[in-house]
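So the structure is just underneath, and the comments pick up after that.
Below, chains carry the letters A, B, ... as their sequence lines are ordered, and counting in each starts from 1.
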2 protein chains.
Amino acid sequence: MTTSKVSKPRRVTAKQVAKAAGVSRSAVSRAFTPGSPLDEDKKKKILQVSEQLGYRPNALAAGLQSTGRSNLVAIVTGDLVNHYDSEILAKLMQGLHGMGKWPVVLGGSSETTEAEILEVLAYPLDALILRGGSVDESVAIHCAKLNIPLIVSGRVMQADRVDCVCCDNARGADLAVAQLINHGKTRLAYLGGQEHLSSDQERMAGFENALARAGLKPAIIEHSDYSYEGGYRSITRILNGNGSVDGLFCANDAMALGALTAARQEFGLNIPTDLSVVGFDDIAIAQWPSIQLSTVRNDMDQTVSEILRLLSERLDQPAKPGETVFITPEFVSRGTH
Amino acid sequence: MTTSKVSKPRRVTAKQVAKAAGVSRSAVSRAFTPGSPLDEDKKKKILQVSEQLGYRPNALAAGLQSTGRSNLVAIVTGDLVNHYDSEILAKLMQGLHGMGKWPVVLGGSSETTEAEILEVLAYPLDALILRGGSVDESVAIHCAKLNIPLIVSGRVMQADRVDCVCCDNARGADLAVAQLINHGKTRLAYLGGQEHLSSDQERMAGFENALARAGLKPAIIEHSDYSYEGGYRSITRILNGNGSVDGLFCANDAMALGALTAARQEFGLNIPTDLSVVGFDDIAIAQWPSIQLSTVRNDMDQTVSEILRLLSERLDQPAKPGETVFITPEFVSRGTH
DNA sequence: AAATATAGTGAACACGTGTTCACCTAACGG
DNA sequence: CCGTTAGGTGAACACGTGTTCACTATATTT
């Protein structure tokens, strides 16, 4: 006994509509192409028959045309559990839809492999949007060979015709350190994400430089994984250690939230009296009344609108030189510092 | 001065590779089709030239074949701000990738219009996955006409060959009410989401039935929008009102979190002594140590794996009758009831 | 040595579109 | 009445693939 694998039923084609309506296939195509010369009555008839048969022009076949685009844009997103990527993905998808593009989404959990990206490049994408920094730069080479525009967000990539939108991480770290010092904190710790990500590297370097300019040294530098649970574990390790700490700068909000909770519940600390905590990103949860996390805003609306602008310009002028836009962060003062 | 609209650069084709490698175009196609008869040396040569020119077979053109599929699967997701949809989307995308499918994602913010879905149906999708209940049932008719398999999750849809995966909402409400009553609460309120969603209707009906069986009447029934802020505002209205309430059943976790915060901060209530709060879904935040929300688990792993199973079976047997799977919810006892 | 099987090959077809091209008809102006 | 213009029309082509179909050259069996 074998499973009878039924042949895939196919969708109605323009040819079938033409036959049913008693017109040529060309006429059917014209009926769906605004501005094409076609008798009004005939057009009405064709649309009616199409409606009845359930015909819709196949967008893929249309995109095969020399003039046509696929209108597909791939988005490689970071881990959706971190909330920041989740929120920015939603805004980005909405914006793309406004441009008539459809997002093919990759990633969203742990690491996205380069192989996965290479697979999706088999499609004639209008563009590839790379969010986050966990992917090798060789992707740029492949995109270039395939003439697929590449837009990178969350890191800077030096390559021809590659556009970048990135937060000024050094400045963000400056702001955080300055605020902590202003509040009288001197024994400052840094809690980072995955060390190989440029966002972590830049925020850490910014932290160290800002401290140095103030004549201070880092109390401790710890690394985690940008997650709530990671932040919870890391602050536990830090507070169980020897050195004393009175200020904590976290490389993203999710870790800051975990750290906040552990410091209060596991160690009974008062925030911000005993310990100041500052996050990075300003996700929606940070402004919940029960949370009120002080943080560095990594503006999502600005980021998305810059990505969309660069995409639009790139589609118009495929050969123009690459552009790098820095988003200026802003300190959001709430209750934890 | 006009913007010079450069002609879109095209990607390398099999024809160009064939010319460069001195072979026929057929040979190039065979080089990328495992199992095709082709001289080993020639294959190596072709792959080398392809690598050099940056050639990759165009997946869309391949999908045009009578035998081929596009490997694109559209996902219509609910509002990503509610966290539940965000988490399930991540799992779903990962699962689809495991099946060799690529997700084209729609929605993610406020309401997804039917028009938007009709637009994406222009693509020859392998399937359409509809999450959440804010879309008209006529979508099923369009999918049927286009021979695009439809899988619905989060609601039940009665239509030929449509598969559904849905939580047993009545049972979930039963569990919540039983727990609240067990803890001595008798003046129970229901806080729902958008009233036109079947998830809200079923959870509310379940709430009312369970109360009736216990010989109780609802203290109050309030509706909001499934968001944190909405929950915050609604509980404020409820507690400012006349009737007294000692137990609150929320139709999702996001609203429960908002309600929890407002009850504590705005009204100084002790949870669960003064007021019990029970959510629905069991999102990741619900188990944060600082939250510990009692809730009804709407199991995401089960839901996703059922969706994937139904999809897989549907692709094998396009004409088999539609199947509806109910996910059995489970009460998760934490600190808020 | 003859007959047969096997691996390899390129031309041709099919997939479903949008668009160009040549052609036809009818309307219009002189 | 003729010349021009305009709108409408279907055949044919192009897009980039995978696959079938004859056909050849080599290897294997009788």
Side-chain angles (χ1 to χ4, degrees), chain A residues 7-46 50 53-72 121-126 146-148, chain B residues 7-46 50 53-72 121-126 146-148:
Chain A
S7 75
K8 182 188 165 200
R10 305 196 62 79
R11 72 154 63 189
V12 178
T13 86
K15 197 174 173 182
Q16 299 173 32
V17 174
K19 191 176 176 187
V23 299
S24 75
R25 196 189 59 74
S26 302
V28 177
S29 181
R30 280 190 257 264
F32 286 91
T33 307
S36 288
L38 183 62
D39 181 74
E40 201 56 39
D41 288 349
K42 188 181 277 192
K43 178 172 183 176
K44 196 177 293 181
K45 166 80 175 175
I46 291 174
S50 297
L53 265 57
Y55 168 75
R56 312 215 49 200
N58 183 326
L60 290 202
L64 216 52
Q65 229 75 229
S66 35
T67 161
R69 297 192 201 268
S70 70
N71 286 327
L72 296 177
L121 288 181
Y123 292 83
L125 304 169
D126 283 2
L146 292 165
N147 281 321
I148 295 178
Chain B
S7 74
K8 182 187 164 200
R10 304 196 64 79
R11 71 154 66 190
V12 178
T13 87
K15 197 174 173 182
Q16 300 174 32
V17 173
K19 191 176 176 186
V23 300
S24 74
R25 196 190 58 75
S26 303
V28 177
S29 180
R30 280 190 257 263
F32 286 90
T33 308
S36 288
L38 182 62
D39 182 73
E40 201 57 39
D41 288 348
K42 187 180 279 191
K43 178 173 183 175
K44 196 177 293 180
K45 166 80 174 174
I46 291 174
S50 297
L53 266 57
Y55 169 75
R56 311 215 50 201
N58 183 326
L60 290 200
L64 216 52
Q65 228 75 229
S66 34
T67 161
R69 297 192 201 269
S70 71
N71 287 325
L72 296 177
L121 287 180
Y123 292 82
L125 304 168
D126 283 1
L146 293 165
N147 281 318
I148 294 178

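- Between the side chain of B:Arg25 and the base of D:dG18, at least one donor-acceptor pair of N or O atoms lies under 3.5 Å.
- For the OP1/OP2 pair of D:dT17 and a distance below 4.0 Å, the side-chain nitrogens and oxygens of B:Tyr55 include at least one atom meeting the criterion.
- Look at CG on B:Leu60: it is 12 Å from C1' on D:dC15, rounded to the nearest Å.
- As judged by a 4.0 angstrom heavy-atom cut-off over every strand, A:Leu38 is placed among residues touching the sugar-phosphate backbone only.
- Distance, A:Asn58 CG to D:dC15 P: 18 Å, rounded to whole Å.
- Atom-to-atom distance recorded for A:Leu53:CG and A:Lys19:NZ is 11.5 Å, nearest 0.5 angstrom.
- The interatomic distance linking A:Lys15 (NZ) with C:dA14 (C1') rounds to 10 Å, in whole Å.
- The B:Ser29 side chain lies nearest to D:dG18 when the options are C:dG8, D:dG18, C:dT17.
- Within the model, atoms CZ of A:Arg30 and CZ of A:Arg25 stand 10.0 Å from one another, a figure rounded to the nearest 0.5 Å.
- Nearest heavy-atom pair across A:Ile148 and A:Leu125 is CG1-O, 3.9 Å.
- Looking at A:Ser70 and A:Asp126, their side chains come closer than 4.5 Å, going by heavy atoms from C-beta outward.
- A:Arg11 contributes a side-chain N or O that, together with a main-chain N or O of A:Arg56, makes up a donor-acceptor pair within less than 3.5 Å.
- Along DNA chain C, the nucleotide nearest B:Leu64 and the nucleotide nearest B:Ala27 are compared for position; the residue whose nucleotide lies closer to the 5' end is B:Ala27.
- The side chain of B:Gln65 lies closest to D:dT17, out of D:dC15, C:dG18, D:dT17.
- Regarding B:Arg56, its CZ atom lies at a distance of 17 Å from the P atom of D:dG16, rounded to whole Å.
- In the set D:dT9, C:dG10, C:dG16, the nucleotide with an atom closest to the side chain of A:Pro37 is D:dT9.
- In this entry the distance linking CZ of B:Phe32 with C1' of D:dG16 reads 13 Å, nearest Å.
- For B:Lys42, the listed nucleotide lying nearest its side chain is C:dT9; candidates were C:dT9, C:dA11, D:dT17.
- Taking only side-chain atoms of A:Thr13, from C-beta outward, the nucleotide of C:dG16, D:dT17, C:dT9 with the closest atom is C:dG16.
- Rounded to whole Å, the distance from CD1 on A:Ile46 to C1' on D:dT9 is 11 Å.
- One can place CZ of B:Arg69 at 17 Å from P of D:dG18, the figure rounded to the nearest angstrom.
- Each of D:dT17, D:dA11, D:dT19 was ranked by its minimum atom distance to the side chain of B:Thr33; first place goes to D:dT19.
- If you take NZ on B:Lys44 and CG on B:Leu38, they are separated by 12.0 Å, rounding to the nearest 0.5 Å.
- Here D:dT9 presents its P atom at 11 Å from CD of A:Glu40, a figure rounded to the nearest Å.
- Side-chain proximity of B:Pro57 to C:dC15, C:dG18, D:dG18: nearest is D:dG18.
- Look at B:Arg11 and you won't find any side-chain N or O under 4.0 angstrom from OP1 or OP2 of D:dC15.
- Scanning atom types as modelled, no donor and acceptor separated by under 3.5 angstrom connect the side chain of A:Ser24 and the base of D:dA11.
- A donor-acceptor contact under 3.5 Å is formed by the side chain of A:Arg30 with the base of D:dG10.
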